[in-house]
Amino acid sequence: MQPGSHQNPQGDTDVPSPAPATGPRNGLSAGLTTLSLGIQHVVAMFGATFVFPLLMGLDPNLAIMMSGICTILFLLIVNGKVPSYLGSSASFVAAAVIIAADGGGPATITGAVLVTGVVLALAGFVIHLLGPNAIVRAFPPAVTGGVVMLIGFNLAPVVSESYWPYDQWTALLTMAFVILATVVLRGFLSRITVLLGLVFGFVLSWVFDRLFGMTPTPQEDGSVKDAFRVDLSGVADAPWFGLPEFHAPEFHLSAILVALPAVIALIAENAGHVKAVQEMTGNDLNPYMGRAIFADGVATALASSVGGAPTTTYAENIGVMAITRVYSTAPYYVAAVIAILIGLCPKFGALVYAIPQGVIGGITVILYGMIGLLGAKIWVENQVNFADPLVLVPIAAGLIAGIGNVSLVFTDGFQISGIALGTIVILAGYHLLHALAPRSKTHAAPSPGAPAGSGAEDGKAEQHAVQD
């Protein structure tokens, strides 16, 4: 790395250092600078933070508002040492889709998320006591990558059956725009391509309405009828100010089992983001690893307790810090306040609900695929050795069980299937095989930074599991 430059959270490019860095606890002298940086953080998290709740059947307004409240809570718990924004988590989208397909409503989804948040908080507390190496021992890269992959790829039928068919050409062009924008755009714009894709898709849908007229569109009652792609009547009727819709969670064991595997992805994601911030700031944040995971668990439980979406630290906002080299928590507090104010505007929620089906199809085909491939990224970065049958066999079995939605039926009212079953096969199978295998088979020749057989000692398993 050249002097005067630094590595972004993805570690793939050197970004010129525009100015001396501002530390995590340093206040910014210029209020206008703090405000402008806070707005940048809002824009960076904005697209994913309202898209994921929409895909989970939850209120985007409430998700945006709770993301601001949870960010403040997170910063207080980590004592300002880990500057991060908590946006909506993608790790629960697959679980929410499965729960909804089984007849569960938003209350059932948020109940499952709440329990998962409590488990995540407990895991963070244990990690704080045992140290960050406990993450790698319990969830080595081979396991973490497999779970993240099946969470993402399990969503493929949702795109092909629920979004794409209703307006395939809008979906195709929106997908193409996001792909091209991701490659062509640079810097900050490259980090908000989902938001730019939504704007492009909205405009394109409006043009198609004028050129081609109505298209078959799903309605709230489950029926399908011809309608215009863009309907902004709800936006006009919505008030400018008002509280979002709160609801209490409901708890069902089958739904909770579907959501629990997200804990593994969230532990990996949060730990990877803490390491990215540590690299940028030069501060030793290992003592705060467990506290950050605990804080995300508490925030997720809090948000879901009132009907909001689960939360996670956002790589997009870490990217903003990489570009600006400002690691102060002050802009994050500003962004949190702005998010709370946006959440109190029902017009915003109505605008989100007006996003055409084809636009969502074009965006989700990329987002879901990216979630799945992040699992492969964990494998590659940690040089996981798939020539080792102790690694290959349990992961292969778990992926097919999870992505293929295989079911294990115990009674008429209780079964384990899909992501939950796949995670159990991967996690239990991996550790069981390593416990039973002869010692000579479990000890592979070390590769740079990680044992190739298990990929488990260097702590890199936690890197960049799932975005926002």
Side-chain angles (χ1 to χ4, degrees), residues 39-65 67 85 87-90 93 155 158-159 162-185 187-210 215 217-218 227-236 238 309 314-317 319-320 335 338-339 342-343 345-371 467-468:
I39 292 173
Q40 285 188 65
H41 281 298
V42 170
V43 174
M45 66 84 181
F46 198 71
T49 296
F50 76 76
V51 167
F52 292 137
L54 186 67
L55 301 178
M56 288 187 277
L58 302 176
D59 183 0
N61 267 57
L62 182 56
I64 291 284
M65 187 183 79
S67 77
Y85 192 92
S88 300
S89 173
V93 174
L155 290 165
V158 179
V159 178
S162 300
Y163 297 127
W164 192 281
Y166 292 107
D167 194 0
Q168 61 177 1
W169 296 112
T170 299
L172 178 66
L173 292 173
T174 301
M175 179 193 71
F177 174 87
V178 174
I179 292 173
L180 290 174
T182 303
V183 174
V184 173
L185 298 178
F188 182 70
L189 289 178
S190 69
R191 301 183 185 279
I192 59 169
T193 52
V194 170
L195 184 60
L196 296 177
L198 287 171
V199 174
F200 171 84
F202 240 118
V203 174
L204 181 68
S205 297
W206 182 85
V207 172
F208 279 7
D209 281 342
R210 300 302 177 273
T215 186
T217 304
F228 286 113
R229 298 165 182 81
V230 178
D231 180 5
L232 298 179
S233 59
V235 180
Y314 260 26
E316 291 91 332
N317 296 90
V320 172
I338 293 174
I342 292 174
C345 178
K347 275 193 182 296
F348 165 76
L351 183 63
V352 171
Y353 282 119
I355 297 174
Q357 293 290 108
V359 179
I360 297 176
I363 292 215
T364 52
V365 74
I366 298 173
L367 288 179
Y368 295 168
M370 287 177 64
I371 295 171
Q467 305 269 332
D468 355 341

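Closest approach of Ala309 to Pro53, counting heavy atoms only: CB-CG, 3.8 Å. In plain terms, the two heavy atoms of Phe208 and Leu173 that are nearest each other are CZ-CD1, 3.8 Å. Closest of all the heavy-atom pairs between Gly87 and Ser67 is CA-CB, 4.4 Å. Shown here for Val93 and Met56, the closest heavy-atom pair between the two residues is CA-CG, 3.8 Å. Pairing each heavy atom of Gly201 with each of Thr170, the nearest pair is O-CG2, 4.4 Å.
Looking at heavy atoms from C-beta onward, Asp167 lies out of side-chain contact with Pro356 at the 4.5 angstrom threshold. The shortest side-chain heavy-atom distance between Leu204 and Trp169 does not fall under the 4.5 Å cut-off.
Rounding to the nearest 0.5 Å gives a distance of 10.0 Å between CG of Asp59 and CD1 of Ile64. Here the straight-line distance linking atom CG of Leu196 with atom CG of Leu180 works out to 12.5 Å at 0.5 Å rounding.
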